[in-house]
Amino acid sequence: MPSPAKTRLPPPTSDPDSTLPLSTAPATVPAVTRHTPARGPGWKPGPGSRVVVAPGRARLADEARLLAREIGIPYAGEDPVRRGDIELTDGTGAPSGPESYTIRTGGDRVLITGRDPAGVFYGTRTVKQALRSGGTVPEGEITDGPARPQRGLMIDIARKPFAAAWIEDRLREMADLKLNQLGLHFSDDQGFRIESTRHPEVVSADRLTKAEVRRILALAESLHITVIPEIDSPGHLGAVLKHHPELRLRDSAGRVVPGAIDIGNPGSARLVDELLREYAGLFPGRYWHLGGDEYQALTRRNPEASFPSLAAKARAAYGPGGRVSDLATRWVNDRAAVVRALDRVPKAWNDGYFRGGEVSVAKDVEVEYWTGKEIGARPPEEYLAEGRRVVNLNDEYLYYVLGEPNDFTYPTGRRIYEEWTPLTLRGTKPVPSRYDSRILGARFAVWCDLSKAQTPAQVAQGIRLPLAALSQKIWNASPPPRNWQSFESLARRLS
């Protein structure tokens, strides 16, 4: 018979004392999906409390160590669980669905069971917030998981450089909100902000080193956040083209088109593909953002007349009906083929998908829908009806543009919380609910058009409540359980 020290306790059960009140759901951001109340005092750290992992679950040690450090109790590895402990495990007994988890609290113990390590991690976020907001993890059972698989923040570090430490602080905030993607737009007309060994000439003086990026990536991985890099092309390449003027696009009058690369020049593809391959070796995540938006050749009234060389190449490739937009579409498809071969899922901005051409963007390129205002932009229903998968970056609610140019205003957490839903892809009108399954999630975007309008500290402060509101709306599909004033107060307390 095993000794008492090695006896494994049964799963937590609630205190049968009927004089104790029924528990209530913990106050967290985002709110948990379901809480089954029970009578009992709940759990809080006490003398001798520890965080342990179940036998054979050493893979959860990082999650356990972080929680132990945050709530001020020891981590005890795979030691037998005892009263006062929090135990982490995954697999058997977990709810269905990636990133989901349960928390069972009773008998002065807490058991977090995740569908996968990410689910376990999110369970620890709930425990951390419950202790901060209410002092205890409530008695009973929490069953929780995300309504959308893609949830995150995008930062334009090309127009405005941000220090690695600033980005790391945002990752920590995102993790507590159960956000799982950070987009880094690191190349634009104003700057190219990550060190390059293949093309060092294009890199701006104020940039992140690869060592700093690896540090960011290591932290992101530990917090179950995927970093999505973006080298935007064929537009927004001014910083690169400054050092490769031979690849600049010129119109029929010989004038340089700002930021636009000549997609008819084979050297253009070689240069961009070399950069894509180099940075794919740095960023290990599943996704790659190709950009594809605002190619200035296509803003002309008659692109074929303004760029006769491109028009001729389009006709040669696609017949008499070939247009410059077909070449731009082929550019996106060719870049998608490069990153697909590197085992990445390609993404592109929605205004890089054109209707009525001889060629269309490949169906596996995820649509990052941000606007219906740009030339080439189409109503979101068109993309969804084609069977495409879409991520919501609605510029009406989710665009934080420094300096508020071009009629942009800083988004507020209240508007997101009270008005926006993942179905609201363009403006304020949602798409029909039949398209719900094709909307993968949403990201909040920081764009630095007028880079000196705010300091990094002001940006961090300005996006805090909008990010909290976004996390609520994409984690939990139910109407928010709190009014805005209550939610705002809770979000400020937890941050």
Side-chain angles (χ1 to χ4, degrees), residues 29-34 95-101 115-116 118-119 122 143-154 174 177-181 183 226 228 286-287 289 345-353 355 360-372 377-399 411 413-445 466-482 487:
V29 176
V32 300
T33 304
R34 185 168 73 251
S96 61
E99 303 179 299
S100 59
Y101 67 92
R115 175 73 167 75
D116 46 33
Y122 293 136
T143 304
D144 200 14
R148 308 282 167 173
Q150 298 193 34
R151 313 175 302 279
L153 169 66
M154 192 229 74
M174 291 170 61
L177 296 172
K178 302 183 174 76
L179 302 175
N180 65 358
Q181 291 182 343
T226 298
I228 304 174
R286 181 185 177 196
Y287 300 97
H289 205 310
V345 175
K347 295 171 170 285
W349 297 114
N350 69 285
D351 51 326
Y353 298 69
R355 70 158 70 91
S360 60
V361 173
K363 286 291 183 68
D364 69 331
V365 181
E366 294 181 356
V367 181
E368 303 265 304
Y369 198 99
W370 71 281
T371 188
R378 297 184 281 150
E381 290 89 342
E382 290 191 21
Y383 303 83
L384 295 163
E386 292 173 1
R388 297 185 182 275
R389 298 183 300 171
V390 177
V391 178
N392 190 327
L393 289 100
N394 184 340
D395 62 352
E396 175 72 22
Y397 293 97
L398 306 180
Y399 259 39
R414 182 169 192 161
R415 279 198 78 205
I416 296 169
Y417 191 78
E418 294 183 341
E419 299 177 17
W420 177 86
T421 75
L423 292 173
T424 312
L425 285 159
R426 175 183 181 177
T428 60
K429 181 181 177 182
V431 299
S433 59
R434 65 178 177 273
Y435 295 125
D436 184 79
S437 64
R438 295 179 190 166
I439 300 172
L440 300 174
R443 286 199 301 284
F444 188 85
L467 269 183
L470 177 71
S471 78
Q472 173 64 42
K473 300 300 282 287
I474 54 177
W475 178 270
N476 194 320
S478 301
R482 299 173 178 269
F487 179 85

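Numbering starts at 1 and runs along the sequence shown.
Legend: residues meeting side-chain contact (heavy atoms from CB on, under 4.5 Å) with P430, ordered by chain and number and at least two apart, are L423, T424. Partners of Y287 according to the ring-ring contact (aromatic ring centres under 6.0 Å, His included) rule, which considers only residues two or more places apart in sequence or in another chain, do not exist here. P98 is linked by a side-chain contact (heavy atoms from CB on, under 4.5 Å) to D116, counting only residues two or more places apart in sequence or in another chain. For R388, the salt bridge (charged side-chain N to carboxylate O under 4.0 Å, His left out) partners are E386, not counting sequence neighbours. Considering only residues two or more places apart in sequence or on other chains, K178 meets the salt bridge (charged side-chain N to carboxylate O under 4.0 Å, His left out) condition with none of them. Scanning for side-chain contact (heavy atoms from CB on, under 4.5 Å) contacts around R415 gives E396, Y397, T412, E419, T428, with sequence neighbours left out.
Here the side chains of W420 and N394 are in contact, with some heavy-atom distance below 4.5 Å. Looking at P481 and Q472, their side chains come closer than 4.5 Å, going by heavy atoms from C-beta outward. Using a 4.5 Å cut-off on side-chain heavy atoms (C-beta onward), W475 and L177 make no contact. Contact of the R414 side chain with the F487 side chain is not registered, since no non-hydrogen atoms from C-beta on lie closer than 4.5 Å.
Separation of atoms CZ (R286) and CD1 (I228) is listed at 10.0 Å; rounding is to 0.5 Å. Atom CZ in R426 sits 11.5 Å away from atom CZ in R378 (nearest 0.5 Å). Distance check: R148 CZ to I474 CD1 gives 9.0 Å after rounding to the nearest 0.5 Å. Between the CG atom of L384 and the CZ atom of R434 there is a distance of 9.5 Å, given to the nearest 0.5 Å. The CD atom of E368 sits 9.5 Å away from atom CE of M154, with the distance rounded to the nearest 0.5 Å. Of the inter-residue distances, the one linking E99 atom CD with N180 atom CG reads 5.0 Å to the nearest 0.5 angstrom.
Across every non-hydrogen atom of L398 and A442, the tightest pair is CD1-CB, 4.2 Å. A pairwise comparison of heavy atoms in T371 and N350 identifies O-ND2, 2.8 Å as the closest pair. Across every non-hydrogen atom of R355 and P379, the tightest pair is NH2-CD, 3.8 Å. Closest approach of G413 to A469, counting heavy atoms only: O-CB, 3.3 Å. When all heavy atoms of S96 and S100 are compared, the pair lying nearest together is O-OG, 3.1 Å. Residues Y101 and G119 share a closest heavy-atom pair of CB-O, 3.2 Å.
Aromatic ring orientation, W370 versus Y399: parallel (interplanar angle below 30°, classes split at 30° and 60°). Ring pair Y369/Y383 is perpendicular by interplanar angle, where above 60° counts as perpendicular and below 30° as parallel.
Evaluated for a side chain to side chain contact (heavy atoms under 4.5 Å, CB included) with I439, the options V391, L425, V367, T421 yield exactly one hit, L425.
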*Should E366 and Q150 be marked as a side chain to side chain contact (heavy atoms under 4.5 Å, CB included) after you check the CA-CA gap, both sets of side-chain angles, and the distance that decides it?*
CA-CA 12 Å; E366 294 181 356; Q150 298 193 34; 3.2 Å; yes
*Pair F444-M174, side chain to side chain contact (heavy atoms under 4.5 Å, CB included): steps then yes or no*: CA-CA 11 Å; F444 188 85; M174 291 170 61; over 6 Å; no
*Verdict with supporting geometry, R438 and V390, side chain to side chain contact (heavy atoms under 4.5 Å, CB included)*: CA-CA 6 Å; R438 295 179 190 166; V390 177; 5.8 Å; no
_I'd like to know whether L470 forms a side chain to side chain contact (heavy atoms under 4.5 Å, CB included) with L153, so could you lay out the CA-CA distance, the side-chain angles of the two residues, the decisive distance to 0.1 Å, and finally the verdict._
CA-CA 10 Å; L470 177 71; L153 169 66; over 6 Å; no
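The main-chain N or O of A147 is never found under 3.5 Å from a side-chain atom of N476 such that the two would form a donor-acceptor pair. Side chain of N392 to backbone of P422: a donor-acceptor contact under 3.5 angstrom is found. In this structure, E381 contributes its side chain and V431 its backbone to no donor-acceptor pair below 3.5 Å.
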